[in-house]
Amino acid sequence: VQLQASGGGLVQAGGSLRLSCVVSGRTVSNYGMGWFRQAPGKMREFVAAISWNDGRTYYPDSVKGRFTIFRDNAKNTVHLQMESLKPEDTAVYYCAADPMSRWRTVPSGRENHYEHWGQGTQVTVSS
């Protein structure tokens with residue numbers, strides 16, 4: 001399975017962006033999907049996750065209420081809608097697929113649960 005992330009760019013603080021992750025090789029509905037990000041000099045951190053089947057979502061407090069993850073199974077795509085962006089949201093954003101999602105009770109925010117990763121897309125938020 002391959003993941004291709006896109007949609008990053010430069011935006012002013014308070015602005016919005018929508019990231020997309022196209023899955024190829026397998027049907028995206030087989031996977032729980034997640035977004036992570038890594039800022040320069042920092043560890044990669046969890047941003048959002050969605051379950052494989054029923055649309056349950058999970059967010060850390062840092063983005064809750066501002067970011068929304070949703071899937072379009074017909075297009076084999078998962079999106080991350082980002083609103084009210086802040087300079088601290090600046091990072092490379094990665095999408096990832098969790099093949100074990102159907103055996104989990106909640107969408108996972110653990111990096112080691114995701115086996116397949118996209119190449120990343122840069123998001124820069126200017127103040």
Side-chain angles (χ1 to χ4, degrees):
V1 60
Q2 294 185 328
L3 285 68
Q4 180 73 40
S6 63
L10 174 64
V11 63
Q12 287 189 333
S16 302
L17 277 176
R18 177 178 292 186
L19 306 183
S20 299
C21 177
V22 177
V23 178
S24 59
R26 292 292 300 273
T27 304
V28 70
S29 58
N30 289 328
Y31 298 94
M33 298 296 295
W35 287 91
F36 293 77
R37 67 186 181 188
Q38 187 167 22
K42 295 188 177 181
M43 300 287 287
R44 189 155 57 184
E45 64 175 355
F46 167 68
V47 174
I50 188 167
S51 64
W52 71 283
N53 64 335
D54 61 4
R56 286 175 297 157
T57 56
Y58 174 47
Y59 306 92
D61 289 344
S62 58
V63 307
K64 194 176 296 183
R66 299 189 299 120
F67 289 12
T68 303
I69 185 172
F70 61 100
R71 56 169 75 233
D72 183 346
N73 287 345
K75 296 183 178 180
N76 237 30
T77 300
V78 174
H79 300 283
L80 183 68
Q81 179 68 38
M82 305 186 293
E83 306 284 350
S84 302
L85 283 161
K86 305 175 182 180
E88 52 263 43
D89 294 319
T90 295
V92 177
Y93 283 70
Y94 299 89
C95 61
D98 173 12
M100 304 298 286
S101 179
R102 66 188 64 204
W103 288 281
R104 306 193 200 284
T105 55
V106 296
S108 177
R110 293 179 58 176
E111 194 172 326
N112 63 357
H113 284 175
Y114 290 83
E115 290 191 12
H116 309 288
W117 292 80
Q119 84 291 357
T121 185
Q122 176 71 47
V123 172
T124 302
V125 184
S126 63
S127 57

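Along the sequence shown, the residues carry numbers beginning at 1. Worth saying up front: this structure is predicted, and the values here are computed from it rather than measured. These values consider heavy atoms only, across backbone and side chains, with no hydrogens, waters or symmetry-generated copies.
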> Between K64 and D61, is there a side-chain N and carboxylate O pair less than 4.0 Å apart?
Replying inline: yes
>> For V1 versus V23, what's the shortest heavy-atom pair and its separation?
In response: CG2-CG1, 3.4 Å
> Is there side-chain contact between Y114 and F36, with heavy atoms separated by less than 4.5 Å?
Replying inline: yes
>> Side chains of V125 and M82, heavy atoms from C-beta outward: is any pair under 4.5 Å?
In response: no
> If we ignore angles and hydrogens, is there a donor and acceptor under 3.5 Å between the side chains of T124 and Q122?
Replying inline: yes
> Looking at Y58, W35, F67, which one forms a ring-ring contact (aromatic ring centres under 6.0 Å, His included) with F46?
Replying inline: Y58
>> Between R37 and V123, is there a side-chain heavy-atom distance shorter than 4.5 Å?
In response: no
> Angle class for the Y31/H116 ring planes (parallel below 30°, perpendicular above 60°, tilted otherwise)?
Replying inline: perpendicular
> Is there a side-chain contact between L3 and Y94 (heavy atoms, below 4.5 Å)?
Replying inline: no
> Side chains of V28 and V78: closer than 4.5 Å at any heavy-atom pair?
Replying inline: yes
> Could D98 and R110 be called an ion pair, given the rule that one side-chain N must be under 4.0 Å from one carboxylate O?
Replying inline: no
>> Pairing donors with acceptors under 3.5 angstrom, does anything connect the side chains of E83 and S16?
In response: yes
